[in-house]
Structures are given as structure tokens and as C-alpha cells.
Amino acid sequence: MNLSGQHTEVLIVGAGPSGLMMAAQLLRNGIQPIIIDSKQGPTSESKALAVQARSLEIYRQLGVVDTVTGNGKQTESLIFNENGKKKAQLPINNIGQGQTPFPYVLVYQQYKNERVLLDYLTLNCCPVYWNTSLKSAGQQSDKTTVTLNSGNGEDISLTCNYLIGADGAHSAVRKQMNIPFNGDTYPHLFYLADVSLDTSFGADINLYLSPEGFAGFFPMPEEKRYRVIGNLPENLTDKKDLALEDVLPWMNRVTSTDQQIIQCHWFTTYKLHHRMAEKFGLGRCFLIGDAAHIHSPVGGQGMNTGLQDAYNLAWKLASVVSKQIDARILDTYADERMPVARQLLKTTDLAFNIVMSNSVLSNLFKKWVLPHALKWLWSSDKLRETFFKLLSQTGISYRDSKLSLHLSQGTKVKAGDRLPYLKVFDEKKHEETDLHEWCSKPGFTLIALGHVPESELFTLARWITQKYPQQLNFFYLPPTNKNRHVFDAFELKADQRKMLIVRPDMYIGLMADVIDTATIDNYMISVVGALK
């Protein structure tokens with residue numbers, strides 16, 4: 001499909017997971033973007049594997065999660081091996097039970113994620129313009145003018161109100177905006193192979209640590225198929241036309257096993273980087289995903305972080321484009337997401353350096369201390385819960401955000417936290433649902449808890465309909481025995497009331513110990529910036 005010169009509200013450069021999620025979220029909020037990519041078409045390479053619980057919650061809100069979970073594989077255990085022998089086995093299936101509808105790590109290759117999102121775009125009449133690249137971009141106060149290069153060599157001039165850089169580590173958007181990409185490249189060279197093995201590890205992740213390096217075997221949804229990653233020895237780092245056959249003896253040496261590979265589906269070598277953009281936004285331009293930050297693949301965080309970048313920015317941008325909220329809300333994208341990226345770089349750097357260190361002390365630690373420490377830590381329910389919140393990204397909080405207003409005595413859950421996943425029994429419909437399901441529609445969600453007379457509820461509902469018909473969905477939960485756990489989670493006694501305003505990305509924006517229109521108005525206008 002050819003793209004002709006025109007104006008668009010939002011131009012997205014890059015049709016990887018972050019760019020596609022950005023487009024999908026804009027469409028969900030009523031904004032039709034244009035999305036381009038320099039590739040010839042969708043990728044067929046597996047690339048990123050792990051889909052964390054927070055990403056699955058986003059997919060659920062989009063209405064596509066059944067496709068994702070139905071074609072993925074839940075991992076069972078994380079196994080640490082040394083000299084070919086199992087040293088520690090940590091069960092991770094259902095580790096987050098009760099915290100989310102998806103209490104596990106799902107293996108679902110990147111190209112499958114892209115296809116699910118591409119299908120969503122197709123259903124919403126939003127094509128991807130492949131073989132189209134950004135040539136130049138210049139910002140004015142009211143728009144950005146870009147020049148695109150199509151596959152036939154023709155230059156296309158286009159203006160947009162907002163430009164989104166989702167075009168990876170070598171982002172043309174970031175370079176056009178002259179935003180520094182600070183960081184470094186790890187010195188090691190790694191190999192990656194998608195293979196079918198003669199033996200099966202089941203759904204377990206197997207990590208092999210040795211004084212000379214490491215290797216990891218990650219289960220894929222297909223039978224006996226695995227992603228294998230590891231470091232290369234110095235004698236192979238400069239070898240041209242390196243193939244899996246060259247690496248196999250080294251892999252068997254590190255793992256102290258004799259792996260029999262039936263078929264190699266993909267093999268590549270690469271270096272890892274740890275970098276972060278100096279700014280995530282500049283004027284009318286924003287960076288998401290790998291264009292904003294890249295780091296080691298430890299913990300399977302990369303693709304998921306990019307999906308959350310898009311999730312955070314899209315609803316804010318859509319509300320500005322539709323003239324519902326003041327443009328100042330866009331500043332909160334960088335305010336909220338840059339600390340997340342910075343912390344992620346620190347934690348992945350730390351874990352990566354422990355794995356890769358070849359010092360005597362480090363090798364002794366990995367051999368004698370790490371397995372026992374992991375077993376001990378895993379025996380604690382609290383520590384397993386903390387680990388899952390970190391791994392799944394459900395523990396990310398924006399308590400310090402300008403959009404978080406906490407007017408409650410509650411301390412367990414606060415404004416800025418992700419809305420807890422709590423099941424709810426609907427007394428009227430006599431069916432079970434959950435708080436996340438209540439937030440399935442676009443816009444903010446007001447949840448009133450406690451005993452409220454019917455006349456007050458009617459007055460409140462009528463006021464919302466008149467004042468915020470497009471922005472605020474309303475739910476009420478009275479105190480009942482079947483929903484006592486919800487009131488306990490929010491530290492609410494039987495004679496008390498509480499009000500939550502949940503942001504479109506399922507983070508609590510307001511928590512207050514009163515239910516009144518003045519508090520709602522103050523939050524929506526003074527904090528969020530809703531336009532009257």
C-alpha cells in the first residue's frame with residue numbers, strides 16, 4: 001500500500017511490538033495513526049520470547065489475550081545447573097497466584113506478538129506502510145514536518161502533530177531529534193540459536209553456569225524446540241561465517257552435556273548493549289521501546305517494557321489529540337517511564353555481570369553460594385511474591401507521579417500503584433468478575449466502595465454523565481460478605497467509604513476516603529488537566 005503526502009495526528013516510526021502496541025492503544029482510544037517501517041514486512045524471527053503478566057493484562061484489555069495464551073507455553077521451573085548436574089530448581093508456574101489472572105511467565109515469540117497486534121490493526125482499518133523509512137524530521141511549535149522514503153525511492157512529505165520513535169536501538173527519530181543515547185556495549189560476543197533437540201527439557205528453563213561461561217535453554221511452544229543462548233570463547237569471536245556446528249563443542253563443554261540437535265531453525269551472533277536516551281520526549285516527539293532504552297535480556301524484560309511504554313503514552317496522547325486533556329499531561333510520560341528504565345538497567349546490569357564474571361570470587365559464589373541462597377530465598381512466600389512482582393512488572397508503581405493524588409489513610413495500596421487484581425461478586429448479575437474487568441473500557445474508571453444510599457448514587461451517576469460522559473466510567477461496590485476481601489485489601493471498615501479513580505492504564509490515580517463530586521472534579525481538572 002502506498003502512502004501519499006498528507007497530514008496525520010500521530011506518525012509512528014517502527015512496527016515492532018512497541019510501535020504496534022502504540023498504534024493499537026491509540027485505535028482503542030479513538031485515534032487513527034499512521035505507522036511505517038523500513039522492513040519489507042513482518043519479521044519471521046523469534047527474537048524476544050517472554051511475555052510477562054503485566055503485558056498479558058494489557059492484551060486482556062485489548063481483547064486478544066486468549067489468542068496469546070492459547071498459542072504460548074507456560075514455563076514450569078527455573079533450573080540452575082553446574083557441571084551438568086542440577087543444583088537448584090525453582091518452580092515459577094503459578095508463582096503469582098492471586099496477584100494477576102496470569103501468574104506465570106509465558107513463552108510467546110516476538111513475531112507472534114507482532115502478528116496479534118497486526119491483526120488488531122487490520123480489524124481497525126489501520127495498515128502498516130512497510131518499506132517506508134524516515135529520512136528527515138523537523139519540529140515547529142504546532143506540528144512536525146517529516147520526509148519519508150518509500151520503497152520505490154520516492155520521497156514523501158508529511159506533517160504530523162506528534163511523532164513517535166519506536167524504531168529500535170538505531171532509531172532514526174532519536175537521531176533526527178539529536179537526543180543522546182548514553183551507555184556502552186558489553187565486551188562479550190554471544191550466540192543465539194533456535195533449535196529442535198533430540199531430548200526434551202519439558203517446560204523448564206535450564207541455566208548452565210561454569211567458570212568459562214554460561215548457556216541457557218528456554219522452552220518454546222513447539223514440541224522439543226528451544227532457544228539456546230550463551231557466550232562465545234575468544235577463539236571463536238573473530239571466526240567468519242560462524243555456524244552452530246562451530247559452537248556446539250563449546251556449548252557441550254560449558255553444559256557438561258552432549259546435546260543432540262535435530263534441526264537449527266535460526267542462528268546468529270550478537271553483542272549486548274546497555275543504553276538509555278537522555279530524554280524520552282522532546283517537543284512533539286516521543287521515544288518508546290528500544291529507541292528509548294536497551295539492556296541485557298536477563299529476566300525477559302525488554303519487549304515487555306516497550307509494550308508498557310506504549311501503554312503509558314498512548315492514552316495520554318489520545319486524550320490530548322481528542323482535546324479532552326491539556327497537553328501538559330504528556331510530560332508525565334518521561335516522568336513516569338524514565339525511572340522504570342533506569343532501574344531496569346541497574347538490575348539487569350547487576351544480574352548480567354554476576355553471570356558473566358570470571359573472577360575466582362565470583363566463580364566460588366556461583367558454585368557454592370548461589371544455589372543454596374536461591375533455595376533459601378524460594379522458601380519464603382514473601383520473597384517469592386516480591387520476585388514475581390519484579391519479574392512480571394506488576395510491581396511497577398507511579399506513587400511519585402504528578403498524576404497520583406493520595407487522600408486516604410490507607411497504606412497498603414496507594415495512589416500510583418497498579419490496581420490490584422481482585423475478584424468481585426456482582427450481587428445484581430449474580431456472577432463473578434474482577435476489578436480489572438471493570439476497567440476494560442477506554443477512559444478513567446471511578447470505583448466507589450462502601451455503603452452509599454441509592455439517591456446519592458443516582459445523583460453521582462447523573463453528574464458524571466453530564467460532566468465527564470466521555471472520560472469517566474462508574475462502578476459501585478457495596479459492602480457484602482462475598483466481597484469482604486476487596487474492602488480488606490483497601491483497609492476499609494464496614495462503616496467507611498473509599499473512592500478510586502483508575503487511570504486508563506489501570507494505575508490508581510486518586511484514592512480518597514470520601515465520595516463526592518468536588519474531590520472528583522479537583523482530581524480531573526487540577527491534577528489530570530481535563531479541559532472544561
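Just the heavy atoms: all of them, side chains too, but no hydrogens, waters or symmetry mates, feed the values below.
- The side chain to side chain contact (heavy atoms under 4.5 Å, CB included) test applied to Gln393 returns Arg54, Gln301, Asn304, Thr305, Gln308, Ile396, not counting sequence neighbours.
- No more than 12 heavy atoms of other residues, nucleotides or ligands lie within 6.0 Å of CD in Gln470, so this atom counts as exposed by the packing criterion.
- Distance check, rounded to the nearest 0.5 Å: CG of Asn161 to OG1 of Thr159 gives 7.5 Å.
- At distances below 3.5 Å, at least one donor-acceptor pair connects side-chain atoms of His485 with backbone N or O atoms of Lys423.
- For OH of Tyr270, the number of neighbouring non-hydrogen atoms (other residues, nucleotides, ligands) closer than 6.0 Å is greater than 12.
- In this structure a side-chain-to-backbone donor-acceptor pair under 3.5 Å is missing from Ser200 to Lys224.
- Gln74 contributes atom CD, which lies 10.5 Å from atom CD1 of Ile92 (distance to the nearest 0.5 angstrom).
- When each of Glu222, His265, Arg225 is paired with Ser196, the side chain to side chain donor-acceptor pair (under 3.5 Å) condition holds for His265 and for no other.
- Ion pairing of Glu336 with Arg399 is absent here, as no side-chain N (NZ or NE/NH1/NH2) approaches a carboxylate O to less than 4.0 Å.
- Distance alone, capped at 3.5 Å, is enough to place a donor-acceptor pair between the Asp37 side chain and the Ala15 backbone.
- With rounding to the nearest 0.5 angstrom, the CG atom of Leu106 is 7.0 Å from the OG1 atom of Thr69.
- Side chain of Thr386 to main chain of Lys382: a donor-acceptor pair is present (N/O by atom type, distance under 3.5 Å, no hydrogens or angles).
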Discussion item. For Trp315 and Gln25: C-alpha separation, side-chain torsions, deciding distance, then whether side chain to side chain contact (heavy atoms under 4.5 Å, CB included) applies.
Written reply: CA-CA 7 Å; Trp315 71 266; Gln25 291 293 334; over 6 Å; no
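- Not one N or O on the side chain of Lys143 forms a donor-acceptor pair closer than 3.5 Å with the backbone of Cys160.
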Item to complete: Report the C-alpha separation of Ile164 and Leu313 in whole Å, then their side-chain angles, then the decisive distance to 0.1 Å, and conclude whether the side chain to side chain contact (heavy atoms under 4.5 Å, CB included) test is met.
Response: CA-CA 10 Å; Ile164 309 299; Leu313 177 60; 3.9 Å; yes
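- Ion pairing between a basic and an acidic side chain is recognised when a charged N comes within 4.0 Å of a carboxylate O; Asp119 and Arg115 show no such pairing.
- Aromatic pair Phe474/Trp463: centroids not less than 6.0 angstrom apart.
- With ring centers used as reference points, Phe201 lies under 6.0 Å from Phe217.
- In this structure, His295 and His293 have parallel ring planes: the angle between them is below the 30° cut-off, well short of the 60° mark.
- Side-chain contact check for Phe286 versus Met22: every heavy-atom pair is 4.5 Å or farther apart.
- Side chain of Thr348 to backbone of Leu344: a donor-acceptor contact under 3.5 angstrom is found.
- Counting heavy-atom neighbours within 6.0 Å of Lys112 NZ, excluding the residue itself, gives a total above 12.
- Atoms CD and CZ, on Gln52 and Phe388 in that order, are 8.0 Å from each other to the nearest 0.5 Å.
- A salt bridge is defined here as a Lys NZ or Arg NE, NH1 or NH2 lying under 4.0 Å from an Asp or Glu carboxylate O, and Arg328 with Asp331 fails to meet this definition.
- Although no hydrogens or angles enter the test, the distance criterion places a donor-acceptor pair under 3.5 Å between the side chain of Asn473 and the main chain of Pro442.
- You'll find the side chain of Ile447 stays beyond 4.5 Å of the side chain of Tyr476, heavy atoms only.
- Between the side chain of Asn483 and the main chain of Phe425, a donor-acceptor pair closer than 3.5 Å is present.
- In this structure a side-chain-to-backbone donor-acceptor pair under 3.5 Å is missing from Glu491 to Gly410.
- Checked by atom type and distance alone, the side chain of Asn124 never pairs as donor or acceptor with a backbone atom of Cys126 at under 3.5 Å.
- Taking 4.5 Å as the limit, some side-chain heavy atom of Arg227 sits within range of a side-chain heavy atom of Trp266.
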Worksheet item: Stepwise, does the side chain to side chain contact (heavy atoms under 4.5 Å, CB included) test hold for Tyr226 with Met220?
Response: CA-CA 5 Å; Tyr226 293 86; Met220 299 174 78; 5.5 Å; no
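- For Lys467, the NZ atom is densely surrounded, since the number of other residues' heavy atoms within 6.0 Å is greater than 12.
- A salt bridge does not link Lys47 to Glu114: none of the charged side-chain nitrogens sits closer than 4.0 Å to a carboxylate oxygen.
- The closest side-chain heavy-atom distance from Tyr59 to Leu117 is below 4.5 Å.
- Between Phe280 and Tyr333, the angle of the ring planes lies from 30° to 60°, which puts this pair in the tilted group.
- Taking CG of Leu287 as the start and CZ of Arg337 as the end, the distance is 13.5 Å to the nearest 0.5 Å.
- A cation-pi arrangement, defined by a distance under 6.0 Å to the six-membered ring centre and an angle within 45 degrees of its axis, is absent between Arg418 and Tyr507.
- Using a 4.5 Å heavy-atom threshold, the side chains of Ile508 and Arg503 count as separate.
- Looking only at side-chain heavy atoms (C-beta outward), Leu307 and Tyr311 stay at 4.5 Å or farther from each other.
- Met506 has its side chain within reach of His436: a pair of non-hydrogen atoms, C-beta onward, lies under 4.5 Å apart.
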Practice prompt. Check step by step if side chain to side chain contact (heavy atoms under 4.5 Å, CB included) holds for Leu449 and Phe490.
Written response: CA-CA 9 Å; Leu449 302 169; Phe490 290 107; 3.9 Å; yes
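- Side-chain contact check for Tyr421 versus Asp434: some heavy-atom pair is nearer than 4.5 Å.
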